[in-house]
Amino acid sequence: MALVGIARLASESELLEAKSRVQYFEIPSRSILNRTKPNMPFEWTINPYRGCEFGCKYCYARYTHEFMEMGVQEFEEKIYAKQAAAQLLRRELARIPRRDSIALGTATDPYQPAERRFGRTRSILEVFARERGRRLGITTKSDLLVRDLDLLCEIARGNMLSINMTITTLDEKLARLMEPRAPRPELRLSAVRRISEAGLTVGVFPNPVMPLITDSEAQLGRLAKAARDAGAQYFGGGPLFLMPCAQKVFLPFLEEHFPKLAPHYCSQFEKSPYLGRDYKEQLRARIEKIRDRYGLTSSPTEYRPELWQEEEQPTLFPLHNEAVSDQQSAISEKAAR
Ligand code: SF4
């Protein structure tokens with residue numbers, strides 16, 4: 001339900017107060033495309049910022065600030081915009097195969113508040129809008145993405161584009177606790193609707209799924225239904241994992257807000273940052289069942305962008321004609337017998 005009146009004002013004032021402790025910087029970068037490890041579903045990542053103001057308690061990307069000799073808390077308080085992101089991208093794209101998949105927003109949210117000020121994500125999309133044949137996936141928790149619908153539609157005409165909206169829960173209070181400065185779940189769902197109405201490929205991910213907090217069949221089912229009703233085509237979900245940098249924030253958060261769960265999480269995650277195979281298997285089966293119930297797929301369906309058809313016709317046509325005439329002569333031979 002939409003917040004109104006004083007409740008809406010209160011949620012907005014919380015955001016303004018939080019903003020006052022965030023500092024923005026610019027940082028030079030040697031490159032903008034980062035190669036992933038083998039077995040990832042994409043070959044390259046792009047992160048226009050270092051740090052993320054949304055400050056999710058479970059965020060695994062806090063290690064990126066540790067690389068800069070900063071604490072895990074500074075990840076959400078000191079945001080660095082990468083300089084010359086578009087120029088770097090233009091140069092680096094020319095060196096990689098067109099078919100490679102590129103994921104935008106894997107260690108930062110490309111549509112966090114800093115984007116309003118720096119526009120780095122938009123400058124990156126302007127580069128993709130002039131490309132053909134690329135495969136680009138964008139992951140965000142922000143409805144600010146709809147600002148760029150014009151560019152996104154342009155990209156989708158010549159490239160394969162998919163947009164992944166992360167919604168961990170529909171419960172606004174829980175979302176505010178876990179993702180203190182991210183847009184409300186309802187705003188994210190509205191963005192899914194706008195993206196879908198614009199004809200773009202969009203899915204919802206409840207990542208990370210947290211045991212006994214967001215993983216019940218009822219919760220995931222409600223979320224999948226809301227996603228489907230908003231026009232999402234696919235729905236996925238992976239379990240929480242907690243590297244040491246994420247444990248430093250998430251475990252104290254649990255002790256404060258979920259004291260009964262905290263000891264279970266502590267004993268589990270001190271053994272390994274990953275949950276066991278049984279849990280993963282149960283969650284996979286649960287999500288599959290929910291997907292079937294609501295007619296959702298597990299990943300974006302590949303489509304042929306409008307501009308590829310024009311470009312591929314000259315080569316496809318002769319082949320097509322050849323195949324058709326072979327088939328026709330086979331039919332006539334058969335009829336003559
Ligand atoms: S939106 Fe993503 S990158 Fe940003 S804090 Fe949350 S989990 Fe981390």
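One-based numbering, in listed order, for ligands and for the atoms of each. These numbers come from a predicted model, not from an experiment. All values below were derived from every heavy atom in this structure, side-chain atoms included, with hydrogens, water molecules and symmetry-related copies excluded.
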Q.
With a 4.5 Å cut-off on side-chain heavy atoms, are E92 and R95 touching?
A. yes
Q | Heavy atom of the protein closest to atom 2 (Fe) of ligand 1 (residue, atom name, distance) | A | K141 NZ, 3.8 Å
Q: Mark up the atoms of ligand 1 that fall under 4.0 Å of a heavy atom belonging to G55, in ascending order.
A: 5 (S)
Q. Considering the options E281, Q282, R286, which one meets the side chain to side chain contact (heavy atoms under 4.5 Å, CB included) requirement together with R284?
A. E281
Q) Can you tell me which residue and heavy atom of the protein come closest to atom 5 (S) of ligand 1, and the distance to 0.1 Å? A) C56 N, 3.3 Å
Q: Please identify which atoms of ligand 1 are closer than 4.0 Å to at least one heavy atom of T108.
A: 3 (S)
Q. Can a salt bridge be assigned to the pair E179 and K57 using a cut-off of 4.0 Å between side-chain N and carboxylate O?
A. no
Q) Of the backbone atoms (N, CA, C, O) and the side-chain heavy atoms from C-beta on, which set of T166 has a member under 4.0 Å from an atom of ligand 1: side chain, backbone, both, or neither? A) neither
Q. Looking at atom 6 (Fe) of ligand 1, is one of the N, O or S atoms of C59 less than 2.8 Å from it?
A. no
Q) Is it true that E179 lies under 4.0 Å from ligand 1, counting heavy atoms only? A) no
Q) Can you find a heavy atom in the side chain of T201 that is under 4.5 Å from one in the side chain of L161? A) no
**Q.** T139 side chain reached by F205 side chain, heavy atoms, under 4.5 Å
**A.** no
**Q.** Close side-chain approach of I96 to L33, heavy-atom, < 4.5 Å
**A.** yes
Q.
Any N/O/S atom, side chain or main chain, of C52 closer to atom 4 (Fe) of ligand 1 than 2.8 Å?
A. yes
Q: Determine whether any heavy atom of A61 lies closer than 4.0 Å to an atom of ligand 1.
A: no
Q: Flag the pair E66 / F75 as yes when at least one side-chain heavy-atom distance between them is below 4.5 Å, and no otherwise.
A: no
